[in-house]
Amino acid sequence: MKRQSIFTFFAVLAAAGMLQAQNPIISEIFTADPAPLVHGDTVYLYAGHDAATLEDTNYKMPDWYVFSSKDMVNWKNHGSVLSPATFSWATGEAYAAHTVERNGKFYWFVSTFHKKDDNSNGGAAIGVAVADTPTGPFRDAIGKALIVNEMTTDMKHAWDDIDPAVFIDDDGQGYLFWGNGSCKWVKLKENMIELDGQIATLELKNFIEAPWIYKRKKLYYLIYAGKGTKPEMIEYATSKSIQGPWQYRGILAENAPKSFTIHPGVIDFKGKTYFFYHNGELPQGGSYRRGICLDYLYFNKDGSMKKIIQTKEGVKAVKQ
Ligand code: CA
């Protein structure tokens with residue numbers, strides 16, 4: 001091509017948005033811990049919010065945000081719609097969360113910290129907010145925590161009860177998975193705000209935190225942040241039953257650039273499977289100033305997942 005025609009060629013591509021980097025998909029604020037939910041023709045993305053300054057050496061996560069998209073490229077910001085202040089029993093940070101729909105209501109399971117009677121920090125806890133629409137307004141569904149640190153004792157640290165992941169199986173049975181250091185699970189009653197049985201702990205190779213349950217062709221996938229060859233990577237296990245036993249299947253995604261955590265969210269939408277995660281690649285980003293990213297997830301014929309290719313381009317717009 002002549003120089004002029006090459007210029008024209010790239011100008012056309014740029015105008016069409018085809019050269020534009022899409023990842024991270026949210027750039028107006030720092031976001032982390034993606035939890036996507038498909039509702040009708042829209043994907044709702046529930047996200048943590050990194051408010052740490054460049055000088056901070058720990059997480060500063062004051063609230064949770066909701067975004068939505070119909071094409072996976074253009075994301076609408078619905079704002080900060082939930083914070084630990086919504087829960088009278090809570091104190092501290094807005095850690096990872098997960099929203100599911102049941103019987104026309106939207107249940108937002110969150111991890112934050114439990115406040116003791118003397119207002120001191122009583123360890124990590126999981127609560128539930130509920131709303132009539134995907135974007136709220138959300139209120140405390142229980143008036144107390146669903147899971148508190150004392151309910152699990154296999155780990156000695158006070159923040160092992162974080163990172164809720166909720167899954168409602170085809171038979172209607174709901175499950176809650178969560179944990180840091182070990183992966184725990186329990187059945188949920190249909191009202192979504194009460195446990196339905198004993199808490200169990202899984203043997204899961206390399207598990208650190210951030211479980212996510214996904215089901216495809218009668219096979220269950222337990223996807224999580226693990227130690228990999230160096231922490232954190234996304235690893236996964238599969239099972240023919242959600243109650244296990246789980247078979248370790250390897251690394252799904254390598255370390256995310258400029259962030260020592262990574263966090264999975266997997267959905268099917270309009271014929272494709274999508275993998276949400278976060279990295280530290282936004283300008284002035286880092287481990288405490290992350291950005292949510294989106295890439296495709298592909299499968300092998302035997303049902304195993306192909307390793308995620310983390311791209312700057314992200315995914316293409318879904319045709320309306
Ligand atoms: Ca505990």
Side-chain angles (χ1 to χ4, degrees), residues 32-33 35 46 48 58-61 64 82-100 107-129 140-167 174-189 191-213 222-227 231-232 234-235 237 242-246 260-264:
D33 302 331
Y46 299 82
N58 205 343
Y59 299 103
K60 193 173 281 182
M61 304 186 74
W64 293 277
L82 186 65
S83 84
T86 301
F87 306 95
S88 61
W89 48 266
T91 183
E93 308 298 307
Y95 281 172
H98 185 198
T99 303
V100 294
Y107 295 89
W108 196 342
F109 289 70
V110 304
S111 42
T112 180
F113 285 80
H114 196 256
K115 189 164 58 180
K116 285 183 175 171
D117 290 341
D118 64 358
N119 280 340
S120 63
N121 186 329
I126 293 170
V128 189
D140 188 345
I142 311 175
K144 61 177 184 171
L146 179 67
I147 302 284
V148 295
N149 180 36
E150 291 74 18
M151 292 166 70
T152 68
T153 54
D154 61 307
M155 291 286 132
K156 299 306 167 203
H157 56 293
W159 63 95
D160 68 316
D161 294 288
I162 60 168
D163 290 2
V166 181
F167 180 78
Y175 297 85
L176 173 66
F177 287 71
W178 75 99
N180 172 288
S182 69
C183 185
K184 313 145 202 316
W185 69 275
V186 67
K187 286 183 181 175
L188 292 172
K189 290 187 179 173
N191 64 16
M192 301 298 276
I193 58 171
E194 290 180 275
L195 307 185
D196 190 13
Q198 296 294 311
I199 295 171
T201 302
L202 289 176
E203 291 290 327
L204 214 49
K205 182 181 174 183
N206 286 348
F207 180 87
I208 297 178
E209 57 190 0
W212 182 274
I213 302 287
L222 206 177
I223 303 157
Y224 54 92
K227 293 168 188 158
E232 282 186 339
I234 299 299
E235 299 174 67
I242 192 160
Q243 302 192 22
W246 295 93
F260 52 70
T261 64
I262 183 168
H263 190 108

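Note that ligands are numbered from 1 as they come in the structure, with each ligand's atoms numbered from 1 the same way. This is a predicted model, so every value here is computed, not measured.
In terms of modelled atom types and a separation under 3.5 Å, the side chain of T91 and the main chain of K115 share no donor-acceptor contact. Distance alone, capped at 3.5 Å, places no donor-acceptor pair between the H98 side chain and the F109 backbone.
Not a single N, O or S atom of M155, from either the backbone or the side chain, sits less than 3.0 Å from the Ca ion (ligand 1). For the Ca ion (ligand 1), the N/O/S atoms of N149 include one lying under 3.0 Å. Distances from the Ca ion (ligand 1) show that D154 has no N/O/S atom below 3.0 Å.
Taking the six-membered ring for Trp and the full ring otherwise, the centers of Y46 and W108 sit less than 6.0 Å from each other.
Taking the Ca ion (ligand 1) as reference, D161 places its N/O/S atom OD2 nearest. Sorting the N, O or S atoms of D160 by how far they are from the Ca ion (ligand 1) puts OD1 first.
For A225, the side chain to side chain contact (heavy atoms under 4.5 Å, CB included) criterion is met by E209, A210, E232, I234, not counting sequence neighbours.
The distance from atom CD1 of I162 to atom CD1 of I147, rounded to the nearest 0.5 Å, is 13.5 Å.
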